[in-house]
Protein chains: 2
Amino acid sequence: MTRSESAGGRRGDLFDPLCPTRQLLDRVGAKWTSMAVKVLAEAAPDELRFAELRRRIPGISQKMLSVTLQSLVRDGLAERRVEPTVPPAVHYRLTDLGLSLEGPLAALRQWAETHMAQIEHNNRLADEIGPT
Amino acid sequence: MTRSESAGGRRGDLFDPLCPTRQLLDRVGAKWTSMAVKVLAEAAPDELRFAELRRRIPGISQKMLSVTLQSLVRDGLAERRVEPTVPPAVHYRLTDLGLSLEGPLAALRQWAETHMAQIEHNNRLADEIGPT
DNA sequence: CCGAATCCCCCTGGATACTG
DNA sequence: CAGTATCCAGGGGGATTCGG
């Protein structure tokens, strides 16, 4: 990718190794990841089927659900279990690792619910005095 | 756009784009936001100048630093103070609101530092057995 | 010194259609 | 039912340049 080798620092490389937080945020910041984790965490320790997950995440496309679940599985945050029936039934559940992420995520959610109204308010203020 | 107008809940439903958590994640997920908050939080209660911030955030361009700081200020997470000297000296510091975000963010950082190595390992495993 | 403006690449994620 | 493949629009964010 050779993005920015001229600017005195290759941030493409330097960012990943030094900052696990960045990596995590890239995942959590992905549009549907945190919701999937939340829904799976709420259901835990039960499993959820693909269609059930989809129903519990209104607005998600099956492509994005599929992609999101794949990356969770790939990261070891979730596990996939296939029942070899016809048609196949695929179940997902969080691993312990995935469950352990719920704590920090819940804290962030808590903060958001407490403070986002204030932030939106601040933004509206900025829209008034700024453009004026 | 087929949002999720059928979905009942707003608050606490992070499926909905209006959900506070979604909005927060969009901010925190922005590439440099969390890093800027961290650096500002570490310096608190002292202020940091623009150039100093830039030095403490390896790899950031001045455009992105500018943009990031603007959105922090706009959200009321940070404050901007200009000394009308020539050339001007611009200082930033977190507001109380911004500081209060540091807690949850630090928790996430903590989680990342503890578990990201495991996640990367999981990914390498997936790369081996998958393509095989 | 600080930041606004511009250009542009590329990645995310949405819609749709097709397999097993 | 579950997942894959393709196409495509939008926007984030990097480099660069100009302004005060």
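Numbered from 1 within each chain, the chains take letters A, B, ... in sequence-line order.
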Between the protein and nucleotides 4-7 of chain C, are there any N/O to N/O pairs under 3.5 Å, and if so, what are the atom names and distances?
{"residue": "C:dA4", "atom": "OP2", "partner": "B:Gln70", "partner atom": "NE2", "Å": "2.2"}

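Between A:Asp46 and A:Arg93, none of the side-chain N atoms (NZ, or NE/NH1/NH2) sits under 4.0 Å from a carboxylate O, so this pair counts as no salt bridge. Under the 4.0 Å criterion applied to side-chain N and carboxylate O atoms, A:Glu47 and A:Arg49 are not assigned as salt-bridge partners.
With B:His91 as the fixed residue, the side chain to side chain donor-acceptor pair (under 3.5 Å) test singles out one of B:Glu79, B:Glu83, B:Glu52: B:Glu83.
For the pair A:Ile60 CD1 and C:dA15 P, the interatomic distance rounds to 11 Å; values are reported in whole Å. Between the P atom of D:dA2 and the OH atom of A:Tyr92 lies a distance of 9 Å, rounded to the nearest Å. B:Glu52 places its CD atom 10 Å from the P atom of C:dC2, with the value rounded to the nearest Å. In this entry the distance linking CZ of A:Phe50 with C1' of D:dA2 reads 6 Å, nearest Å. Rounded to whole angstrom, the span from the CZ atom of B:Arg54 across to the P atom of C:dG3 amounts to 11 Å. Between the CZ atom of A:Arg27 and the C1' atom of C:dC11 there is a distance of 16 Å, given to the nearest Å. In this structure, the CG atom of A:Leu65 is 14 Å from the C1' atom of C:dG14, given to the nearest Å. One atom, CE of B:Met64, and another, P of D:dT16, lie 16 Å apart when rounded to the nearest Å.
A close approach under 4.0 Å does occur between a side-chain nitrogen or oxygen of A:Arg49 and OP1 or OP2 of D:dA2. A close approach under 4.0 Å does occur between a side-chain nitrogen or oxygen of A:Trp32 and OP1 or OP2 of C:dG14.
The shortest distance between side-chain heavy atoms of A:Ser34 and B:Arg22 falls below 4.5 Å.
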Starting from the C-alpha separation in whole Å, work towards a yes-or-no answer on salt bridge (Lys or Arg N to Asp or Glu O under 4.0 Å) for A:Arg109 and A:Glu113.
-> CA-CA 6 Å; A:Arg109 250 185 256 120; A:Glu113 289 177 8; over 6 Å; no
Kindly indicate, with the supporting measurements, whether the criterion salt bridge (Lys or Arg N to Asp or Glu O under 4.0 Å) is fulfilled by A:Lys31 and B:Asp26.
-> CA-CA 8 Å; A:Lys31 191 151 187 184; B:Asp26 285 343; over 6 Å; no
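Grouping the Ile, Leu, Val, Met, Phe, Trp and Tyr side chains by contacts below 4.5 angstrom, directly or via other members, places A:Val82 with A:Leu48.
Residue whose closest nucleotide on DNA chain D sits further toward the 5' end, between B:Gly29 and A:Pro88: A:Pro88.
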